[in-house]
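Some notes on the structure that comes next.
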Amino acid sequence: MSQEDEILRQRQAQLSRIRDLGFEPYGHAFEFTHTISQILSDYGTRTADELSANPVHVRIAGRIVAIRRMGKAGFLHLQQNGQRLQIYVKKDAINDTAYKLYELLDTGDIIGVGGYLFRTRTGELSIHVEVLDFLSKIMLPLPEKWHGLEDVETRYRQRYVDLIANPEVREVFLTRSRIIRSLRRQLEERGFLEVETPMMQPLYGGAAARPFITHHNALDQDLYLRIAPELYLKRLVVGGLERVYEINRNFRNEGISTQHNPEFTMLEFYQAYADYRSMIELTKELLKQAAADATGSTQVTYDGHQLNFANMWQFTMREAVIEFWPDHDTPSLDNIKDPEWLHRQSKESSPGAALVDLFERYVEDKLIQPTIIYEFPVEISPLSKNKPDDPAFVERFEVFAAGMELANAFTELNDPQEQRHRFEQQLARKAGGDEEAHVMDEDYIRALCYGMPPAGGEGVGIDRLTMLLTGSKSIRDVILFPLLRPEGDIGIVKRLRDLEK
RNA sequence: GGGCCGGUAGCUCAGCUGGUAGAGCAUCGCACUUUUAAUGCGGUGGUCGCGGGUUCGAUUCCCGCCCGGCUCACCA
């Protein structure tokens, strides 16, 4: 018999012994007077003398994460919401039934206790237990106490165990929540309205990506999981919702990497009567404040670098290529504007695509500090408005940090005729084999025909922002349940079934 | 998809040029009524990811496959 089967059998036997003592192995509500964190903050500085002079009685619940038994007494640590408090169980101090229950406890069980606070000989704030209740039985063993759970695959597949065993994981997701809360609050303060637009769309658009396809049975119709909410949000701007935002999932049917998960979270927001310059200023504020709200500082350490969100760098794409040119043969501004020169540097057919190629080759991974890159070629920007003085370029920028793209924003193209041209160019690219090119969205064109106010819009990758603000090297570390291949037979159902025989 | 690395007890890991597997923690038993990596003594626990091949003999060598990580490609 394997160790796991043996432990299951032992614990199955304990279940009935717990019942025989008059406790429920899977209890109901437990009335507590404090959470562990309340006790730590309210009484963490009380001395042993103060606690014995004015006894504090408390009732708490938590998961047992350590047991040290010493004859007819023992110390246990309970964990609740990532914090730990020691409890002391002594035979003399509780009734016989409770003591028998204590003898059955395993690391990982969830219990409730009542008693008074005291400090041990070594000075640790603890509860001197007087009553003990049982709330939930652990059947499978928890990972080892030192190393915790290290196996990356198990951590992602069994995030519940990861969260119990590795307190720092909990911190990452608390920070993620603070980031989103900060962005929401900042947008609300500026009069933005949170909306929800379709995740299942009859046409997909708003980004260059391949979609997931699903099917609605009653309508007998294929639908796409959205690759971006952009075109719907702009329909709302047409309708007079002048400041809107949405924080939700996008789905892109692409490869998986440390920076890509097939479903990921984007913040998108649109502001009527603004342009990309207003968006640049807003972005600087949003990111700086989100960093401060989430981490307590506008500077964070990521992969050995100090990233400063209080002072973002700023280059046009052309300037950036010159600035980060890899050798001494640095091009001039005239070079970089010259289609002939660009053609000599890149295999890409159009000058704009060639510039982007140079940018991606020489610049992108060098943008460690939070940096705004603005003015993009029109070829790769089918939804952005042209620069009036340079129609080959559009009023668009992206934010990079730690070599990653964090955000993408532009002045929205609101001319339906021009938007039709851009979609037609995309259709030509699709016909030429570009699977990520946009499709024609006629209803979107119709919406623009009703007149969309000039507007700025932006998308911010929440997962990547969370990576930066939590020091995570992989996007999987900031997504609770990242996509993995199926793991195969788990076997627990059969084991539980066998236990009942 | 390519390259590299990994999968051995519940967890964290050793295991040499091939000779049928070990440690710590966990678990079980005994002792111990202020410990905190509690301690001391004793025990249980393994389809060595899966399937083939070579060999007298494979955790070890070879081939294929599965799962994961890093990386390149892809990817706004």
Side-chain angles (χ1 to χ4, degrees), chain A residues 1-11 13-14 48 65-77 84-94 99 102 106-108 118-124 126 128 138-158 161-162 164-166 206-210 227-228 230 250 252-262 264 266 356 359-360 364 373 376 380-384 396-400 404-410 435-436 459-461 464 473-474 476-477 482 484-489:
Chain A
M1 184 190 298
S2 78
Q3 186 79 53
E4 206 168 70
D5 287 325
E6 194 180 314
I7 285 173
L8 277 171
R9 295 222 322 198
Q10 286 162 4
R11 295 189 175 175
Q14 286 172 340
V65 291
I67 304 181
R68 293 176 295 281
R69 299 179 197 273
M70 292 169 307
K72 295 176 181 59
F75 292 90
L76 297 79
H77 272 101
R84 295 181 175 196
L85 183 68
Q86 181 169 263
I87 66 171
Y88 177 54
V89 179
K90 189 166 71 163
K91 192 171 194 298
D92 298 345
I94 56 176
Y99 188 73
Y102 153 78
D106 285 310
T107 304
F118 75 113
R119 282 196 186 274
T120 62
R121 196 174 283 165
T122 54
E124 179 165 347
S126 309
H128 206 290
I138 189 168
M139 296 298 284
L140 294 170
L142 244 27
E144 192 221 335
K145 54 190 168 190
W146 299 130
H147 305 86
L149 181 62
E150 308 240 309
D151 184 82
V152 180
E153 183 176 349
T154 310
R155 287 187 45 228
Y156 296 153
R157 288 193 195 282
Q158 296 182 255
V161 179
D162 192 29
I164 295 168
N166 299 321
R210 294 158 67 183
I227 58 174
E230 169 149 355
N250 290 345
R252 297 188 184 172
N253 208 337
E254 292 160 357
I256 296 175
S257 78
T258 50
Q259 293 169 26
H260 301 81
N261 195 61
F264 63 102
M266 283 273 279
V356 171
F359 175 79
E360 287 175 352
E364 190 165 353
I373 299 293
F376 280 57
I380 60 154
S381 312
L383 302 165
S384 317
R396 173 180 176 184
F397 71 91
E398 291 190 346
V399 180
F400 292 86
M404 281 191 294
E405 182 193 330
L406 260 195
N408 177 22
F410 36 87
E435 291 185 271
E436 294 172 351
V460 178
R464 289 180 181 177
K473 300 259 190 62
S474 169
R476 291 178 214 102
D477 291 323
L484 300 175
R485 287 191 163 90
E487 71 174 304
D489 183 35

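Letters A, B, ... mirror the listed sequences (proteins, then strands); counts begin at 1.
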Please determine if a side-chain N or O atom of Thr258(A) lies less than 4.0 Å away from the OP1 or OP2 oxygen of rU71(B).
yes
With both distances kept under 3.5 Å, what pairs with rU39(B), Watson-Crick or G-U wobble?
rA31(B)
How close or far is atom P of rU44(B) from atom CD of Gln3(A), stated in whole angstroms?
12 Å
When rounded to the nearest 0.5 Å, the distance separating CD of Gln14(A) from CZ of Arg9(A) is 13.5 Å
Rounded to whole Å, how long is the line connecting atom OH of Tyr88(A) with atom C1' of rU33(B)?
5 Å
On the 0 to 90° scale, with breaks at 30° and 60°, tag the His128(A)-Tyr88(A) ring pair as parallel, tilted or perpendicular.
perpendicular
Rounded to the nearest Å, what distance is computed from the CZ atom of residue Arg68(A) to the C1' atom of nucleotide rU33(B)?
15 Å
Classify Asp151(A) by what it touches in the nucleic acid, base, sugar-phosphate, or nothing, heavy-atom distance under 4.0 Å.
sugar-phosphate
Roughly how far apart, to the nearest Å, are rC25(B) and rC41(B) at atom P?
11 Å
Starting at the 5' end of RNA chain B and moving along, which residue's nearest nucleotide shows up first, His147(A) or Arg396(A)?
His147(A)
Rounded at 0.5 Å granularity, tell me how far CD in Glu153(A) sits from CZ in Arg485(A).
11.0 Å
Counter-base of rC70(B), judged by Watson-Crick or G-U geometry with both distances under 3.5 Å:
rG3(B)
Give Lys72(A) one of three labels, base, sugar-phosphate or nothing, depending on what nucleic acid heavy atoms sit under 4.0 Å from its own.
base
Could you tell me how far rU27(B) sits from rG2(B) if I compare only their C1' atoms? Round to whole Å.
45 Å
Nearest-Å distance for atom pair CD1/P, residues Ile138(A) and rG10(B):
15 Å
Glu4(A) CD to rU47(B) P, straight-line distance once rounded to whole Å:
11 Å
Between rC75(B) and rG19(B), how far is it from one P atom to the other, in whole Å?
49 Å
Sticking with atom C1', work out how far rC48(B) lies from rG10(B), rounded to a whole angstrom.
16 Å
Under 3.5 Å donor-acceptor pair, Gln86(A) side-chain atoms to rU35(B) base atoms:
yes
Give me the distance, rounded to whole Å, that separates rU60(B) from rC16(B) when you measure between the P atoms they each carry.
11 Å
Would you say that more than 12 heavy atoms from the other residues, nucleotides or ligands in this model lie under 6.0 Å from the CZ of Arg68(A), or not?
yes
Exactly one of Leu142(A), Ile138(A), Ile67(A) clears side-chain contact (heavy atoms from CB on, under 4.5 Å) with Asp106(A), and that residue is Ile138(A)
Looking only at atom C1', what distance separates rA23(B) and rC62(B), rounded to whole Å?
31 Å
Compare side-chain N and O positions of Arg121(A) against OP1 and OP2 of rU35(B) and report whether any pair is under 4.0 Å apart.
yes
Taking for each residue the nucleotide of RNA chain B with the nearest heavy atom, is it Thr120(A) or Pro141(A) whose nucleotide lies nearer the 5' end?
Pro141(A)
Tell me which nucleotide, if any, is Watson-Crick or G-U wobble paired with rG45(B) when both distances must be under 3.5 Å.
none
Partner of rC61(B) by Watson-Crick or G-U wobble geometry, both contacts under 3.5 Å, or none?
rG53(B)
Hunt down the Watson-Crick or G-U wobble partner of rU20(B), both distances under 3.5 Å, from any strand shown, or write none.
none
Could you work out the separation of rG51(B) and rU8(B) based on their P atoms and round it to a whole Å?
16 Å
Considering only the P atoms, how many Å lie between rG18(B) and rU12(B), rounded to the nearest integer?
29 Å
Partner nucleotide, any strand, of rA9(B) [Watson-Crick/G-U, under 3.5 Å]
none
